[in-house]
Protein chains: 4
Amino acid sequence: MSAAPRTARGEKTRRRLLEAAEHVFAEHGYTEASVSRITERAGVGQGTFYLYFDSKLDVFDELVEDLNQRVRHAMSEGARGASTRLEAERAGFAGFFRFTAEHPALYRVVREAEFVSPGALRMHYTRIVEGYIDGLRQAQDDGEITDIDPTVAAWALMGIGEMIGMRWVLWGTGGDGAGGDADPTASGTSAVPDHVFDEMMRFIGGALGRGRGEGEGGS
Amino acid sequence: MSAAPRTARGEKTRRRLLEAAEHVFAEHGYTEASVSRITERAGVGQGTFYLYFDSKLDVFDELVEDLNQRVRHAMSEGARGASTRLEAERAGFAGFFRFTAEHPALYRVVREAEFVSPGALRMHYTRIVEGYIDGLRQAQDDGEITDIDPTVAAWALMGIGEMIGMRWVLWGTGGDGAGGDADPTASGTSAVPDHVFDEMMRFIGGALGRGRGEGEGGS
Amino acid sequence: MSAAPRTARGEKTRRRLLEAAEHVFAEHGYTEASVSRITERAGVGQGTFYLYFDSKLDVFDELVEDLNQRVRHAMSEGARGASTRLEAERAGFAGFFRFTAEHPALYRVVREAEFVSPGALRMHYTRIVEGYIDGLRQAQDDGEITDIDPTVAAWALMGIGEMIGMRWVLWGTGGDGAGGDADPTASGTSAVPDHVFDEMMRFIGGALGRGRGEGEGGS
Amino acid sequence: MSAAPRTARGEKTRRRLLEAAEHVFAEHGYTEASVSRITERAGVGQGTFYLYFDSKLDVFDELVEDLNQRVRHAMSEGARGASTRLEAERAGFAGFFRFTAEHPALYRVVREAEFVSPGALRMHYTRIVEGYIDGLRQAQDDGEITDIDPTVAAWALMGIGEMIGMRWVLWGTGGDGAGGDADPTASGTSAVPDHVFDEMMRFIGGALGRGRGEGEGGS
DNA sequence: AATGAATGAGAGTTCATTCAT
DNA sequence: GATGAATGAACTCTCATTCAT
């Protein structure tokens, strides 16, 4: 749990510490990050850190929580204006990839929680999935998508996003094992090559689609 | 890179070290594991470790390599006898979940590579995906599945497996965000509840299915 | 040296601080006690502490001083009504043991002064001994006790009280090295088992006794 | 618990560490002593310390144990040749005072155990007392001393020694509250002024004496 | 009179790695 | 081939004390 602020000055210090932690964790990972590096970057004394956080793990958890909100926000942006479920899906994935692309190191922080603070990671994924489930259920009620168990589908979609994001956003567009014919130039819709993004959406469209998988999603 | 063996005695010591490392990494994670705990478990002196491995990271890499082979073996078991692509897929996922269920801690080791030795993780995923791609391409040539980019599809499938495995194998069958109506009793096919497994296969069947998503996969 | 009071409000704050310090030192010992724990218990800000005391050591000294008075008071209670020196002695020891039994942790605070503030301990013992000396000298003048050097006798008596108190009050009645046949049930006179108390008084009676050391001390 | 040696080299390092700890604890007290000061004095690296001791407390305990033996040895020296119990007592006290005088700071280490490792202090006193009890019982069987409970008597004697030793050995011969007529010059028998020592022995002689307490103690 | 945020020195402890034997 | 004693840098965290408000 956090601690001491209350005053405006304290609140400011806390924010600086949190921001510094974000950068340091992103740059070095949890283990290599040190509290002293964080305080140094924040421009405060080492002891000050412990006025605001109980431990190194405590800031980490708070950070994951914070990132969870930002990721979810990035995902829901644009999804609101979507008229079909697949459009919403498109927007969600695009938002997620964009966030990952803009803060590649940061998103690694979230994933590192699996080894640092498992409960935090669980919470992170669970919250995202919950949003998904609602949307899927709605689309099912509207007869827009197939009647697959929305929970299972939500986790599957989550996995697709994580893996495609890791492969094409984090590792970059080329690299070993890269999808040969992915077109690195075009990238209007998302941080992932258009071709990859489109194929992924075709995959998802087929999975969720009613009757046949022709939902599509041509760019 | 490794070092010294050559003799039979040396080869044995090396194997013991590797096995000890497997247990210690599985139990404590990379950071908390210590070389001395490894050597202690292996029953050799601390210095001996450096006769066989250059560093702590070195054994870790070798371990990930080793696990990669075992996971791929678990996945391809049974897939060989499959007559359709979806059957092969079923067998592959079942093998993967079984492996994860039997060595839950071990598979975490692989995933931790993202933060310890990114190249090793890349290699791990890439190799698995390569196998997939071949199979998918073949099925496409046979007109059995849709003509989606096999690379993209392979990574998507990989992501589904990882996420479903984490959610239902690693975290257990219940817990927050659990699939409400999943049937925890039956579990003939895999380490994941039958219902979840079946729904996942329906999802995949739809994604890969030709024309309509009729692949299905009722148990 | 202390500081700021003067007003009634200040005097009250000071008392609360002192009382809080007493509890915190008793519970944790000097080193483990922290100023912040003291102020927290007192319900005042951390800075307030330094308005009343120069340092952590300063409160400690004041506390030892305070305890010295309370111990001496406990010892002299009842001793006043005594008609013989040995009766007075009895009452003094009983009072000391009672105090120790009622505030076991507190009396440890006094003893810890040896390592924290040696001068304070010296003062503590010296003051107690001074009272003794006067009484012993008087009894000698009255021909009631032997003509032993009262200073030496006083320190010896002090040592007996401390050690018997530590052994039977602080450590409890049983334990290793316990006086085998001590009767734990009866305990009318003091916090030490009756048998132990009586034997101790016989010991002292012999030491101080005129002519022969026989007798005395039967409860 | 200790650890690693076995080799002659290790045994030597261990001894150096122990000796360094003795000096550092004696000079600064437990709290102010730091492991780094100990290793510095021992001329080894900081990490080496933890090869031989589990913690700072661990060396401390071992040291108290060690001192216990040395004190008991100092006390029993000379006592062996004694023909009466009181002579043995004399020799024991003299040995104790001598030890305290020769290692004044060291003996404080033992006493500090009350606040650092209470069990160790208990053990220390209990062991010494046990030796006493045997001697006293023997003397009683021989009809040499009064039939006082030997356990109570032993703890009382222990207390006398500790207090007189603190007052006249540790604090020095003069000082506040000093025994006015103590003769600082003569000091043949012990580290305590002769007069004090003699008076103390008279006190003890009276306490233990058969029939009358009048004898003894002449220097 | 009172506050509490800020400090920074320093504590105990761990560990990957080296190297003389 | 094997050992294990030795290292020292680095870590997280605590705390008495100060001082602007």
Side-chain angles (χ1 to χ4, degrees), chain A residues 3-14 31-39 44-57, chain B residues 3-7 9-10 12-14 31-40 44-58, chain C residues 3-7 9-10 12-14 31-40 44-58, chain D residues 3-14 31-39 44-57:
Chain A
R6 210 85 300 183
T7 64
R9 179 195 186 192
E11 199 50 69
K12 195 172 157 193
T13 303
R14 184 192 174 76
T31 310
E32 296 300 313
S34 71
V35 172
S36 73
R37 246 195 292 241
I38 293 171
T39 54
V44 302
Q46 269 194 70
T48 303
F49 178 91
Y50 291 91
L51 250 29
Y52 295 92
F53 305 98
D54 282 348
S55 64
K56 188 183 166 187
L57 184 57
Chain B
R6 217 80 305 185
T7 65
R9 177 193 184 191
K12 194 172 158 195
T13 303
R14 182 191 177 76
T31 311
E32 298 298 312
S34 70
V35 173
S36 73
R37 245 193 293 238
I38 293 171
T39 54
E40 193 184 6
V44 302
Q46 261 184 89
T48 305
F49 178 91
Y50 291 89
L51 251 31
Y52 294 92
F53 305 97
D54 283 349
S55 64
K56 187 184 167 186
L57 185 58
D58 189 32
Chain C
R6 213 87 297 189
T7 66
R9 179 195 184 188
K12 194 172 159 192
T13 303
R14 182 191 176 77
T31 311
E32 297 299 312
S34 70
V35 172
S36 74
R37 243 191 298 237
I38 292 171
T39 54
E40 193 184 7
V44 302
Q46 262 185 87
T48 305
F49 178 91
Y50 290 89
L51 252 29
Y52 295 92
F53 304 97
D54 283 349
S55 65
K56 188 184 168 187
L57 186 57
D58 189 31
Chain D
R6 210 88 296 185
T7 64
R9 180 194 185 193
E11 199 51 68
K12 194 172 158 193
T13 304
R14 183 190 177 77
T31 311
E32 297 299 314
S34 71
V35 173
S36 72
R37 246 194 291 242
I38 293 172
T39 53
V44 302
Q46 269 193 71
T48 304
F49 178 90
Y50 291 91
L51 251 30
Y52 295 92
F53 305 97
D54 281 348
S55 64
K56 188 184 166 187
L57 185 57

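The shown structure was predicted, so the numbers you read here are calculated from the model rather than taken from an experiment. In what follows, chains carry the letters A, B, and so on, assigned in the order in which the sequence lines appear, proteins first and then strands, with residues in each chain numbered from 1.
- The side chain of C:Tyr50 places an N or O atom within less than 4.0 Å of a non-bridging phosphate oxygen (OP1 or OP2) of F:dT17.
- Taking atom CD of residue D:Glu32 and atom P of nucleotide E:dA9, one finds them 17 Å apart after rounding to whole Å.
- Taking only side-chain nitrogens and oxygens, D:Thr48 comes nearer than 4.0 Å to OP1 or OP2 of F:dT7.
- The heavy-atom pair separating B:Ala33 from B:Lys56 by the smallest distance is O-NZ, 2.9 Å.
- How far CD of B:Glu40 is from OG of B:Ser34: 8.0 Å, rounded to the nearest 0.5 Å.
- You'll find that the side chain of C:Lys56 is closest to F:dT17, out of F:dT17, E:dT17, F:dT3.
- Rounding to whole angstrom units, CZ of residue D:Phe53 and P of E:dT14 are separated by 15 Å.
- Rounded to an integer number of Å, the gap from B:Arg14 CZ to F:dA2 C1' is 16 Å.
- One distance of note links OG1 of C:Thr31 with CD of D:Glu32; it measures 8.0 Å at 0.5 Å rounding.
- Here the side chain of B:Val44 is nearest to one of F:dT3, E:dT17, E:dT13, namely F:dT3.
- Residue D:Ser34 is in sugar-phosphate contact alone, with no base atom involved, counting any heavy-atom pair closer than 4.0 Å across all strands shown.
- The nucleotide E:dG8 finds its pairing partner in F:dC15, both defining distances of the Watson-Crick or G-U wobble pair being shorter than 3.5 Å.
- Contact between the side-chain N/O atoms of C:Thr13 and the OP1/OP2 oxygens of E:dA2 is found at a separation under 4.0 Å.
- The CG atom of A:Leu51 sits 12 Å away from the C1' atom of F:dT14 (whole-angstrom rounding).
- Under 4.0 angstrom from either OP1 or OP2 of E:dA1 there lies no side-chain N or O belonging to C:Tyr52.
- The two atoms that bring C:Tyr50 and C:Val35 nearest to each other are OH-CG2, 3.9 Å, heavy atoms only.
- In this structure, the separation between OH on A:Tyr52 and OG1 on A:Thr13 is 4.0 Å, given to the nearest 0.5 Å.
- E:dA11 atom C1' lies 13 Å from atom CD1 of D:Ile38, rounded to whole Å.
- Nucleotides of DNA chain F nearest to B:Gly47 and A:Gly47 differ in position, and the one nearer the 5' end is that of B:Gly47.
- Across the protein-nucleic acid pair, A:Lys12 atom NZ and E:dA6 atom C1' stand 14 Å apart, rounded to whole Å.
- Under the Watson-Crick or G-U wobble criterion, with both distances below 3.5 Å, E:dA1 has no partner in any strand shown.
- Nucleotide E:dT21 forms a pair with F:dA2, judged by Watson-Crick or G-U wobble geometry with both contacts under 3.5 Å.
- Residues A:Thr31 and B:Phe49 each lie close to DNA chain F; by heavy-atom proximity, the contact nearer the 5' end of the strand is made by B:Phe49.
- Comparing B:Arg37 and C:Gln46 against DNA chain E, the residue whose closest nucleotide sits nearer the 5' end is C:Gln46.
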